[in-house]
Amino acid sequence: MSSFNPKEFENKWKEKWLSEKLYKASVDKSKKKFYSLYSFPYPSGAGLHVGHVEGMVANDIVARYYRMKGYNTTLPMGWDSFGLPAENYAIKTGIPPKQSTEEVIPSFIDQINNVGISVDWDKEVGAHRPDYYKWTQWLFIQLFKNGLAYKANVRVNWCPKDQTVLANEQVINGRCERCDTPVEQKEMSQWQFKITAYADRLHHDLDKVDWPESTKLMQRNWIGKSEGTTVNFKIKAAENEVGSFEIFTTRIDTIFGCTYTALSPENQILQQIKDNISNWSDVEAYINQARNKTDLQRQTDKEKSGVKLEGVMAINPFNNQEVPIYVVDYVLNTYGTGAIMAVPAHDERDMEFALKFDIPIKNVIIPTQQEYISYIARKWSNDFDKFLTQIQKFNPVYIKKTNDEVLFKFNAEFIDEFIEYATDSVEGQYAWHDAVSESEAVIVFGNDKDEFGGTDVARIPKFLEDERTWLKMKDFEEGVRQYKSLWEMLYNSDYKEKVCPTNYGTLINSDKFDGLSSQEAASKMQEWLEKEGIGSKKTTYRLRDWLVSRQRYWGCPIPIVYDPQGNPHALEEKDLPLLLPEDVDFKPTGESPIARSESFKKLAEEKYGKGWHFEVDTMDTFVDSSWYFLRYCSPDATDVFARTEDMNYWLPTDLYMIGVEHTVLHCLYSRFFTKFLYDQKLINFDEPFYKMRHMGLILGSDGRKMSKRWGNVINPNTEVEKYGADTLRMYEMFMGPLEDPKPWNDRTESGVFRFLSKVWTLNDKVAESIDNENATKQQRIVNKLVKKISDDIDDLSFNTAVAKFMEATNSLASFEKVDRLSWSVFLRLLAPFAPFITEELWNLNGFEYSIHTQSWPEYNSSLNIEEQVTIAIQINGKLRATLNIDFDSEESSVVEKAMILDQVKKFVVGEPKKVIYIKNKVLNIVI
RNA sequence: GCUGCGGUGGUGGAAUGGUAUACACGACGGACUUAAAAUCCGUUGCCCUUUAGGGCGUGUGGGUUCGAGUCCCACCCGCAGUACCA
């Protein structure tokens with residue numbers, strides 16, 4: 001037969017499948033369903049890239065597998081077509097986004113079909129089409145009616161280049177996610193969705209879904225749930241109480257260590273008590289300065305800053321101690337209560353601030369006794385080597401040595417012995433030494449180096465208030481003088497963690513709570529607070545409401561109309577969709593482009609009367625993509641966003657392939673919408689995506705991210721042209737684990753082409769009847785393959801599946817003839833991976849069309865029995881020989897056979913101590 | 001800093017506590033060819049050795065086990081997310 005030339009048949013099958021709608025799936029309650037979802041692609045002018053292909057092929061293999069297993073399977077596709085790139089393209093070229101978008105979509109569809117993705121095209125949707133965004137608007141209105149969409153004046157992130165508002169999530173390191181421009185702060189009235197109302201459920205329900213743990217964790221971090229306590233602090237001016245404020249803390253157990261409190265610059269209480277603040281002008285100046293700082297500046301300002309409020313003090317309700325109040329910009333108004341109690345001894349930020357402003361530091365926690373104690377010793381004299389040998393007697397568990405430094409750890413029980421030893425070794429060695437007390441420190445500082453810290457052996461005290469130690473050291477060491485206190489010196493040394501322990505432990509200096517563990521103390525303190533009515537337990541979230549207004553043209557219009565007084569009203573359902581006007585100049589000016597549309601203005605006045613006008617902002621495109629998987633269920637519905645019956649049948653999705661970069665935002669928003677609709681009783685599930693997996697980034701052959709800049713971009717079209725779709729598909733699956741980033745390699749790709757050519761050639765050997773013995777051998781080969789491939793698809797372990805196909809092909813190729821029955825099994829197994837070549841060979845062999853609607857081969861466990869196996873013979877765990885034995889042989893017969901091997905006789909003299917036999921695997925003789 | 005993931009030949013990568021390096025690429029040798037490409041066959045972790053064989057090997061150091069890439073402890077390095085979140 002001819003050589004393997006995919007061009008000769010790929011097009012033929014592609015067109016046949018499409019015209020027959022081979023992959024169409026409708027609701028059929030008599031069958032189990034499988035919903036394979038690929039993330040809503042953005043139809044960019046650059047076309048499909050190899051990363052899309054990777055994810056789609058994974059979706060496709062699983063979909064084809066389930067289809068063959070008899071599931072009613074759908075793999076829908078649509079377009080996340082609103083968004084900045086099309087608008088920016090329009091600004092550059094003058095071509096309207098609607099036109100450019102509609103022009104690219106057909107080529108996307110074509111490319112997807114060319115790689116043989118089994119898409120159910122009857123379900124196609126596009127976010128920019130009125131029949132879709134009518135329902136995006138409808139959903140907005142439902143949120144509005146339920147108080148979950150509201151307009152508020154907020155300080156927003158503003159990108160000066162894109163001239164638009166950005167959600168917090170779209171700000172990366174203080175820069176715009178898209179164009180990398182530093183983000184500015186701007187006060188604006190903006191629409192927001194109250195996603196925070198769902199924070200707890202969004203956090204909690206992650207337990208229900210099968211997602212990579214790391215993804216769940218990222219999402220949990222984003223929601224940032226933390227459980228803590230609020231406490232009311234009274235404010236005193238002179239002898240009068242002038243107000244109070246609430247602080248939030250997760251470490252109520254440290255409250256006796258509170259030596260100051262701090263308010264965020266935006267905290268409203270400041271305005272209320274300003275008459276009592278004697279240095280108000282300084283405070284006000286600081287507040288204004290903080291307000292003007294961008295997030296980027298706040299982040300880069302490492303130095304703590306703040307102003308003390310003169311004339312007022314706060315009262316710690318636990319000990320009635322008066323502590324100063326500061327206004328600082330390291331306290332955020334958007335988290336907790338915008339006020340904190342500061343405990344320098346147990347919080348790094350508070351410690352840094354306290355050191356800078358000379359605020360007392362009070363230790364109230366002894367960390368839970370550690371099993372090991374670490375020491376660092378630096379070389380101080382020639383006796384250092386002797387010192388090193390002698391520390392062996394403390395049984396150190398770990399020693400790291402460099403030329404002049406040693407780090408070692410030993411069991412805490414040796415502490416006293418060590419203090420004694422260190423004292424003896426170091427005394428008189430040009431060193432100063434002080435063992436402060438049993439429970440505190442060994443501090444040994446050498447003086448034979450110019451700089452402080454050149455030599456030391458130290459166990460750092462848990463609470464350092466020993467002025468004596470400090471003064472002595474200060475006399476002693478030149479270097480110490482640069483620090484104001486022992487705290488500061490040690491905090492800036494290797495012993496940071498020792499002087500500022502931030503973990504839980506046992507309370508000290510805390511009155512009646514002394515001796516309790518952090519956990520016990522916390523609950524007793526909370527109880528007391530609640531009884532006194534001055535505090536309570538509180539859960540806070542880092543998550544903030546979702547800002548959806550965008551001052552851009554190419555997005556879904558917000559379905560709100562304002563009356564002449566400026567009050568917002570939701571549009572009625574019969575007036576939807578509110579069409580995106582086309583008489584618009586989309587050049588960005590900072591104002592929404594739609595504001596300049598005459599037809600838009602006119603429409604509002606005609607419909608509602610003079611002075612009425614529509615909202616001119618459009619929605620964040622994440623709104624469009626938060627419900628597309630629902631629309632796929634009923635893409636033709638005109639009276640509802642999707643039919644309840646259809647959604648309840650198809651959802652939740654059974655496999656969602658999406659890049660890891662989209663998981664935090666898109667998935668969070670989609671989950672929010674789903675939960676809202678569940679609460680509205682429109683659907684009966686409250687998590688949209690059951691199983692989710694990610695595809696790793698495909699890098700250029702130089703190991704860098706694919707980019708025009710590096711000239712390392714691989715275009716799937718070119719690869720299909722060169723090798724055919726099946727090769728591209730199988731190569732991308734063979735590259736490595738699905739979720740890993742992996743570089744492109746042309747050579748490996750051509751290796752996959754060689755493999756498919758081998759399959760093609762092997763087809764020539766297929767014979768109607770071959771002898772029984774060889775037929776059985778081949779049936780065993782493919783039978784084993786059935787199990788391996790099924791398992792690998794279940795695990796999404798496609799790289800190993802491809803390897804197994806290669807192995808099986810090599811085995812079959814060693815036969816004169818190939819058994820037709822085995823061949824039909826082999827082709828069906830390969831069909832999800834290489835749909836074109838398998839359909840062609842299936843047809844050439846005269847099997848019933850189409851291979852893709854055939855049933856998945858069954859694994860026959862009785863066929864699997866092996867006659868012979870090779871086992872390893874080990875002596876003391878070391879491989880010395882291998883041995884062929886009958887399958888499932890008894891231990892005694894195996895030992896007998898092993899003992900007469902030369903390799904064994906050589907090592908085993910007399911009776912072995914022990915013999916371990918693992919059936920069909922290994923025999924280990926211990927001598 | 002914190003959190004998570006990872007570290008295996010020249011390369012991409014395999015390996016339910018049981019023969020480490022499957023499969024593929026590359027390299028080397030050979031066949032075919034006037035030649036090249038393609039194709040086919042063989043070799044390919046490192047070191048010693050003529051063969052036979054031996055020693056060493058999954059980032060480092062310990063531990064558990066008859067047996068560790070895999071489990072435990074500590075450390076080093078890389079990648080990703082996140083960053084004044086109280």
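Side chains are part of it too, since the values below use all heavy atoms of this structure and drop only hydrogens, waters and symmetry mates. These figures come from a predicted structure and were not determined experimentally. Chain naming here is simple, since letters A, B, ... match the order of the sequence lines and numbering starts at 1 in each.
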Atom-pair distance ([atom1] on [X]; [atom2] on [N]), nearest Å:
X         : N       : atom1 : atom2 : value
Asn333(A) : rC84(B) : CG    : C1'   : 15 Å
Ile918(A) : rU19(B) : CD1   : P     : 11 Å
Arg747(A) : rG13(B) : CZ    : C1'   : 18 Å
Lys913(A) : rG67(B) : NZ    : P     : 11 Å
Asn503(A) : rU3(B)  : CG    : C1'   : 16 Å
Phe755(A) : rC25(B) : CZ    : C1'   : 16 Å
Ile223(A) : rG81(B) : CD1   : C1'   : 15 Å
Arg220(A) : rC2(B)  : CZ    : C1'   : 18 Å

For atom [atom1], what is the distance between [N] and [M], given to the nearest Å?
N       : M       : atom1 : result
rG13(B) : rA83(B) : C1'   : 35 Å
rG18(B) : rC28(B) : C1'   : 34 Å
rG59(B) : rA68(B) : P     : 15 Å
rG1(B)  : rC84(B) : C1'   : 11 Å
rU11(B) : rU21(B) : C1'   : 13 Å
rA14(B) : rG45(B) : C1'   : 15 Å
rG61(B) : rG54(B) : C1'   : 27 Å
rG30(B) : rG78(B) : P     : 44 Å

Candidates [options] - which lies nearest the side chain of [X]:
X         : options                   : value
Asp347(A) : rU19(B), rA15(B), rA86(B) : rA86(B)
Thr870(A) : rG54(B), rA14(B), rU19(B) : rU19(B)
Asp329(A) : rA86(B), rC84(B), rC66(B) : rC84(B)
Lys742(A) : rG13(B), rC23(B), rA86(B) : rG13(B)
Lys758(A) : rA86(B), rC40(B), rA22(B) : rC40(B)
Ser226(A) : rA86(B), rG12(B), rU39(B) : rA86(B)
Glu807(A) : rU19(B), rC66(B), rA22(B) : rA22(B)
Thr800(A) : rU19(B), rA15(B), rC25(B) : rA15(B)
Phe734(A) : rG54(B), rG12(B), rA86(B) : rG12(B)
Pro737(A) : rC66(B), rG13(B), rA86(B) : rG13(B)

Remember a base hit wins even if backbone is also touched, and classify [X] as base, sugar-phosphate or nothing at under 4.0 Å, heavy atoms.
X         : result
Lys906(A) : sugar-phosphate
Glu749(A) : nothing
Gly751(A) : sugar-phosphate
Tyr541(A) : nothing
Thr249(A) : sugar-phosphate
Ile916(A) : base

Phosphate oxygens OP1/OP2 of [N]: is one of them under 4.0 Å from a side-chain N or O of [X]?
X         : N       : answer
Lys878(A) : rC56(B) : yes
Ser214(A) : rG81(B) : no
Arg542(A) : rU82(B) : no
Gln219(A) : rU82(B) : no
Asn810(A) : rA24(B) : yes
Asn799(A) : rA14(B) : yes
Tyr330(A) : rA86(B) : no
Lys914(A) : rC66(B) : yes

Among residues two or more places apart or on two chains, list those pairs meeting side chain to side chain donor-acceptor pair (under 3.5 Å) that have a residue in residues 909-927 of chain A. Asp888(A)-Asn920(A)
Is Lys804(A) salt-bridged to Glu807(A), going by a charged N under 4.0 Å from an acidic O? no
Carboxylate-amine/guanidinium proximity below 4.0 Å for Arg704(A) and Asp702(A): yes
Could you tell me the Watson-Crick or G-U partner of [N], where both distances fall under 3.5 Å? Say none if there is no partner.
N       : value
rU16(B) : none
rU70(B) : none
rA24(B) : rU11(B)
rG29(B) : rC41(B)
rC46(B) : rG55(B)
rU82(B) : rG1(B)

Tell me if a side-chain donor or acceptor on Thr229(A) pairs with a main-chain N or O of Ile252(A) at a distance below 3.5 Å. no
Measure distances between side-chain N and O atoms of Lys921(A) and base N and O atoms of rU16(B), and say whether any donor-acceptor pair falls under 3.5 Å. yes
What I want to check is whether an N or O donor and acceptor connect the side chain of Lys304(A) with the base of rC84(B) at under 3.5 Å. yes
On the 0 to 90° scale, with breaks at 30° and 60°, tag the Phe805(A)-Phe833(A) ring pair as parallel, tilted or perpendicular. perpendicular
Using the six-membered ring wherever Trp is involved, compare the ring planes of Trp744(A) and Tyr731(A) and label them parallel, tilted or perpendicular (cut-offs 30° and 60°). perpendicular
State whether Tyr330(A) and Lys304(A) meet the cation-pi test: NZ (Lys) or CZ (Arg) under 6.0 Å from the six-membered ring centroid, and within 45° of the perpendicular axis. yes
Roughly how far apart are Phe798(A) CZ and Ile61(A) CD1, rounded to 0.5 Å? 4.5 Å
Reference residue Thr800(A); test side chain to side chain donor-acceptor pair (under 3.5 Å); the match among Asp791(A), Asp795(A), Asp792(A): Asp792(A)
Per side-chain contact (heavy atoms from CB on, under 4.5 Å), Val915(A) is matched among Val895(A), Ile927(A), Val926(A) by Val895(A)
Per the glycosidic torsion and the 90° limit around 0, nucleotide rG9(B) is syn
